[in-house]
Amino acid sequence: MITKLRIFDLNPEQQDAVTCISGPLLILAGAGTGKTRVITSRIAYLIEELTPPEKILAVTFTNKAAREMKERIASLVPPDAAKAVTACTFHSLCVRILRSHAQLLGYKKNFSIFDDSDQAGLLKKVIARTAAKDESLDHKVALSLISKAKNQGWNAPPDQTTLLGAVYQNYQDELKLQNAMDFDDLLVQTVRLLNEFPEAREQWQNRYDQIMVDEFQDTNRLQLELVSLLAKGLNPNVCVVGDDDQSIYGWRGAEISNILEFEKHFPSPSIFKLEQNYRSTTAILDAANRLIRNNKNRRGKRLWCAGKEAAPVQVMAMPSDVEEAEFVVSEIAAQRESEKLPWEHFAVLFRMNAQSRLLENELRRLRIPYRVVGGKSFYDRREVKDLLAYLSAIMNPDDDQALLRIINTPPRGIGPTSVELALSESAASKCSVQETLSKPEFLSRCSRKSAPNITSFLESLQTLRIQVSTPGADLFTLISSFLDTCGYSEDLRRVCKTEEEFFNRESNLRDMLGLIQRYQQRSTDGLQGFLDEMNLDRDRQEDEEDSARGVTLITLHAAKGLEFPHVHLIGAEEALLPHSRSLSEGTLDEERRLFYVGITRAMKTLTITHCQNRKKYGSTELSLPSRFLKEIEGTGVVQSNYEEIMNQPADEDFMASEFEKFRAKFSS
DNA sequence: AGGTGAGCATTTTTT
DNA sequence: ATGCTCACCT
């Protein structure tokens, strides 16, 4: 009954989408049209229409989206029903599937998951081993090629005679030897499992009656295939939600054709368009509509909103990037002062991370709080990685990468000579490094000095392994005392240059242990479960904290899905937006969509700036206004020039006078 | 084992 | 301008 009331709140198109519950369904949800609301309402509706909640699967891309979805479902349906719904990311869905059937693929079910740096480390090693003297291969290039190949669905290298092919093959073999998968493997192997093993496929097809996919325009080939494999019958209940106009991840494998040609993959679907926007003003939406209609391949949508009185979109020409930063920051300061707004209402959007620098300087100068979204992650910090490596080496003795990371951290007299020997022996005997190290024949072969060190190192790992595996063990205490006794904490202090650095790193470790403790309280999956979550959900902390307050500085990509009352979009110049690289790569449409995403983030006001001069890689270069600025021209968009405004008498233009005041106020 | 300097590239990012 | 990698040096 609760749901019936909620459905009454939806607009007619939303209602149509929510109540269409059988057969393939494509919901084209424009920016700010209440997409999440439709998805969650639909889940509530399904439950009300007697779909068992455990038969509902909702897949997202990010953990954040999955979490938000769970929360919103919980607010619509009874707690036990909400809990029974599966709302997770593609990758965590794959981990679930793989943990249940890994043996079929020749992996043990406690396989470990390699993150980017594990992957890079292994690949470097493999390249060094595989390449002949006169050959070389950049590991980053290899990484992206291998990833691309995997996402094309190639299980094995197409051509092993090339260096890349050989590296791919060896890399894959080595992963398997280490009982590990990289992020791409999670998808590749799941698809392989479901393709090759009918009983596994049937089991998982029967697991869900209703499948929903969020941000469908971002799915790649494999993700589409996974959805197809999980879909049951000829007329499967697959509901995908997305917006072709917001497809901005083509460069990392997203196939916009998945949504453009949805009918090809799921015949005769119901299709609904959500075009009523609840976020922005008419001026902003008109600009966005004018821009995006220049793209050829699209479903076609026109955003509109129930007439709100609208401030025009400002397009401002700036002499250089320095003034741009000054102007943007002082305008934000002025606006928040005159309208008494919190800093959180403001965001500055840009194409490249490097552009945040000048803004940060300016914000710091004026003591304005800000946060930069997408900096270095907590989990990239060395001490955090070390701790995770210790835990992984304990839980998965086959994880060579983890073991190698911590084998001599802190220094315990196991040098590169011993490691090298262990590596070659383990490769020869096809067993893990940890196992190799424990073999008497190995110990007798390595140096007299390191042998006892190795033995005692393995023993200490073994002791901790037994301790943490004891049901009800207090992981927090066990692990922190382990770090002390093995000398890690001491080493950390030694390595740090300043007391402050040590304090930071140590508190990172404490935070990490705190996470373990909290995990233990809410889950029964033990340390293995914790490691899975860490590997798949590295940003949990930052999301949870969300305490960072202030003006948001964010890239256009990272801004997708967010909204801010007042947005400044900076650097709307040729070669930057569209990026020069995209011109040579022929991805102008995607740049246009990126601009579109930026525009549609704004709720009340939007100011777009472009500079004549911009400092790039050291030297100043002349820039032209972005071609997209021509495309948004029309009613509700006003162009102005910073220098002209500044030269006008104060009463001529309200903006200019206000701006001057605040400029004077803040620069004194 | 660890530190230093030359050389080099430099869009966007999740899991 | 800057930061990162790799090679070479102490």
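In what follows, chains carry the letters A, B, and so on, assigned in the order in which the sequence lines appear, proteins first and then strands, with residues in each chain numbered from 1.
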* Rounded off to whole Å, could you give me the CG-to-P distance for the Leu358(A) and dT2(C) pair? => 11 Å

* State, yes or no, whether a side-chain contact exists between Lys35(A) and Glu215(A) at a heavy-atom distance under 4.5 Å. => yes

* To do: Can you tell me the distance, in whole Å, between the CZ atom of Arg357(A) and the C1' atom of dT10(B)?
  => 13 Å

* Within this structure, what is the CD-to-C1' distance between Glu68(A) and dT14(B), rounded to whole angstrom? -> 15 Å

* Rounding to a whole Å, what distance do you find between Arg614(A):CZ and dA1(C):P? -> 17 Å

* Asked: Of all the nucleotides listed (dT12(B), dT10(B), dT13(B)), which has the minimum atom distance to the side chain of Met352(A)?
  -> dT12(B)

* Return the value, rounded to whole Å, for the distance between atom CG of Leu576(A) and atom P of dT12(B). => 10 Å

* To do: Compare the aromatic ring of Trp251(A) with the six-membered base ring of dT12(B) and state whether they stack according to the 5.5 Å and 30° rule.
  => yes

* Structure fact -> Taking dT14(B), dT10(B), dT12(B) as options, the one with an atom nearest any side-chain atom of Thr555(A) is dT12(B)

* Asked: Separation of Phe61(A) atom CZ from dT15(B) atom C1', in whole Å?
  -> 10 Å

Can you list, pair by pair, the side-chain donor-acceptor contacts under 3.5 Å of residues 619-626 of chain A, counting residues two or more places apart and other chains?
from      : atom 1 : to        : atom 2 : distance (Å)
Ser626(A) : OG     : Leu577(A) : O      : 2.8
Ser626(A) : OG     : Phe628(A) : N      : 3.0

* List for me each residue that meets side chain to side chain donor-acceptor pair (under 3.5 Å) alongside His557(A), sequence neighbours excluded, and say none if there are none. => Trp251(A)

* Calculate, to the nearest 0.5 Å, the distance between atoms CG and CD1 belonging to Asp386(A) and Ile406(A) respectively. => 8.5 Å

* Structure fact -> Rounded to whole Å, the CG-P distance (Leu531(A) to dT15(B)) equals 17 Å

* Asked: Which part of the nucleic acid does Glu585(A) contact within heavy-atom distance under 4.0 Å: base, sugar-phosphate only, or nothing?
  -> base

* Structure fact -> In whole angstroms, the gap separating P of dG3(C) from CG of Asn353(A) amounts to 14 Å

* To do: Answer with base, sugar-phosphate or nothing: what part of the nucleic acid does Tyr617(A) contact at a heavy-atom distance below 4.0 Å?
  => base

* Asked: How far does the P atom of dT5(C) sit from the matching atom of dT12(B), given to the nearest Å?
  -> 16 Å

* Examine dT15(B): is either OP1 or OP2 under 4.0 Å from a nitrogen or oxygen in the side chain of Arg252(A)? Give yes or no. => no

* Run the salt-bridge test on Lys560(A) and Asp218(A) with the 4.0 Å N-O cut-off and return the result as yes or no. => yes

